[in-house]
Number of protein chains: 2
Amino acid sequence: MQQDVLRSELRRRKQRMTAQRELVLKAFADTDAEHLSSEEVYRKVLEKRLRISKATVFRTVELLAEVGILRKIVFRDGIVRYELVEENENEDQQIICNQCGKAFDFSLDKVDALIKKAEKKTGFKIDEVQIKFYGLCPECQERLERIRKATNSAHI
Amino acid sequence: MQQDVLRSELRRRKQRMTAQRELVLKAFADTDAEHLSSEEVYRKVLEKRLRISKATVFRTVELLAEVGILRKIVFRDGIVRYELVEENENEDQQIICNQCGKAFDFSLDKVDALIKKAEKKTGFKIDEVQIKFYGLCPECQERLERIRKATNSAHI
DNA sequence: ATAACTGCAAATCATTTGCAGATTC
DNA sequence: GAATCTGCAAATGATTTGCAGTTAT
């Protein structure tokens, strides 16, 4: 699958397929985590008792992003992670809880309509949209409400 | 305006109003740039021949974000910038050219509808949305098209 | 064979921290 | 006057780079 895409892209660029590049790609294919930082990729490879250097991970992950196999995502706190680019592109949006920090993906139609509108309005040719919703997840809403009540009865 | 908000927030927190905190706030009030990094704030203050240290800028900008006067934005390339929080919140979206890197703001209605839908779908209480469109601006579309034509006639 | 790749260690860059002296309330 | 700030310089942490040796084509 992605292996082959990588191989042919590398050929086009006169670059080489190496064990390390396979390892990094495999780390993404094997994990069930949504995103991986370079550090996490590095550890995942080491766990399998296979050798790689951090510098190579950084270089490889960047290469895979250039080629379009990975997408680079800079999180709100500045941490850089990568994820496999999938088919269902514009349908996965992120929603992040400001309280507990948990992030969830969910899909939302309507995004295509939004893109069309933005293209018409600006003349851009849009090929990617990132939507991030920030707010309170249901659990934190509840928890905060509980705390609020307890505090009120204690202090008033 | 923001000065007063800051003053009273500081009082609540038993913190102090200082010359440096005013300077940083003023940097945001005075600039016409959309966002400023800490580095940029630092330089803006120095330009006015006023003294401040980088460490203080980092600390102050973080404080202003906590207080809600600034919003921290981590850009796609990992650069951290801040902007004044304004009223017209959810209406300014960003559109960024992948080619020349220019970024524009523009407003788009429909966003409220999108928020409602997302809230219903996830149970979150959403208080902020960031939408970033990535694509090609009109100029780059033209330029690339011109280049493509020139290259084709040369090589075929 | 040779151009591309890797690992290592040193370099860089943004941000953070510890602390002594300055400042605000 | 005491707690809070600031500036400085050193520390940190993530990423990048230079280079000599290794590997894929």
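So that the names make sense, note that chain A is the first sequence line, chain B the second, and so on, each numbered from 1. All heavy atoms count here, side chains included; hydrogens, waters and symmetry mates do not. Given the structure is predicted, the values throughout are model-derived calculations rather than measurements.
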Sidechain N-carboxylate O distance under 4.0 Å for [X], [Y]:
{"X": "A:Glu40", "Y": "A:Arg81", "result": "yes"}
{"X": "A:Glu62", "Y": "A:Arg59", "result": "no"}
{"X": "B:Arg13", "Y": "B:Glu66", "result": "yes"}
{"X": "A:Lys44", "Y": "A:Glu47", "result": "no"}

- Output yes when at least one side-chain N/O atom of B:Gln20 is less than 4.0 Å from OP1 or OP2 of D:dT6, else no.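 So the side chain of B:Gln20 is within the cut-off, an N or O lying under 4.0 Å from OP1 or OP2 of D:dT6.
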- Item | side-chain N/O B:Thr18 vs D:dT6 OP1/OP2, d < 4.0 Å |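 Yes, such a contact exists.
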- Closest listed nucleotide, where the reference is the side chain of A:Gln15 and the choices are D:dA2, C:dA4, D:dG18: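 Out of D:dA2, C:dA4, D:dG18, the nucleotide with an atom closest to A:Gln15's side chain is C:dA4.
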- Query: To the side chain of A:Arg16, which of C:dA4, D:dC8, D:dC5 is closest?
  - Reply: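 The nucleotide sitting nearest to the side chain is C:dA4.
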- Rounded to the nearest Å, what distance is computed from the CZ atom of residue A:Phe58 to the C1' atom of nucleotide C:dC13?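 Value for this atom pair: 13 Å.
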- Task: Return the value, rounded to whole Å, for the distance between atom CZ of B:Arg13 and atom C1' of D:dC5.
- Result: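 So the CZ-C1' distance, B:Arg13 to D:dC5, works out to 15 Å.
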- Scan A:Arg21 against the nucleic acid and name what it touches under 4.0 Å (heavy atoms): base, sugar-phosphate only, or nothing.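 Sugar-phosphate only.
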- For B:Met17 and for A:Leu63, find the nucleotide of DNA chain C with the closest heavy atom, then tell me which residue's nucleotide is more 5'.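 Nearest-nucleotide comparison on DNA chain C picks A:Leu63.
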- Task: For the pair B:Thr56 (side chain) and B:Ile52 (backbone), establish whether a donor and an acceptor sit closer than 3.5 Å, ignoring hydrogens and angles.
- Result: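 Here the side-chain-to-backbone pair does not exist.
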- Task: Please list, by residue number, the residues of residues 50-57 of chain B whose heavy atoms come closer than 4.0 Å to an atom of DNA chain D; answer none if no residue qualifies.
- Result: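 Heavy-atom contacts with DNA chain D come from B:Arg51, B:Ile52, B:Ser53, B:Ala55, B:Thr56.
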- Task: Can you spot which of B:Thr60, B:Val41, B:Val61, B:Leu6 makes a side chain to side chain contact (heavy atoms under 4.5 Å, CB included) with B:Leu25?
- Result: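 So the option named by the test is B:Leu6.
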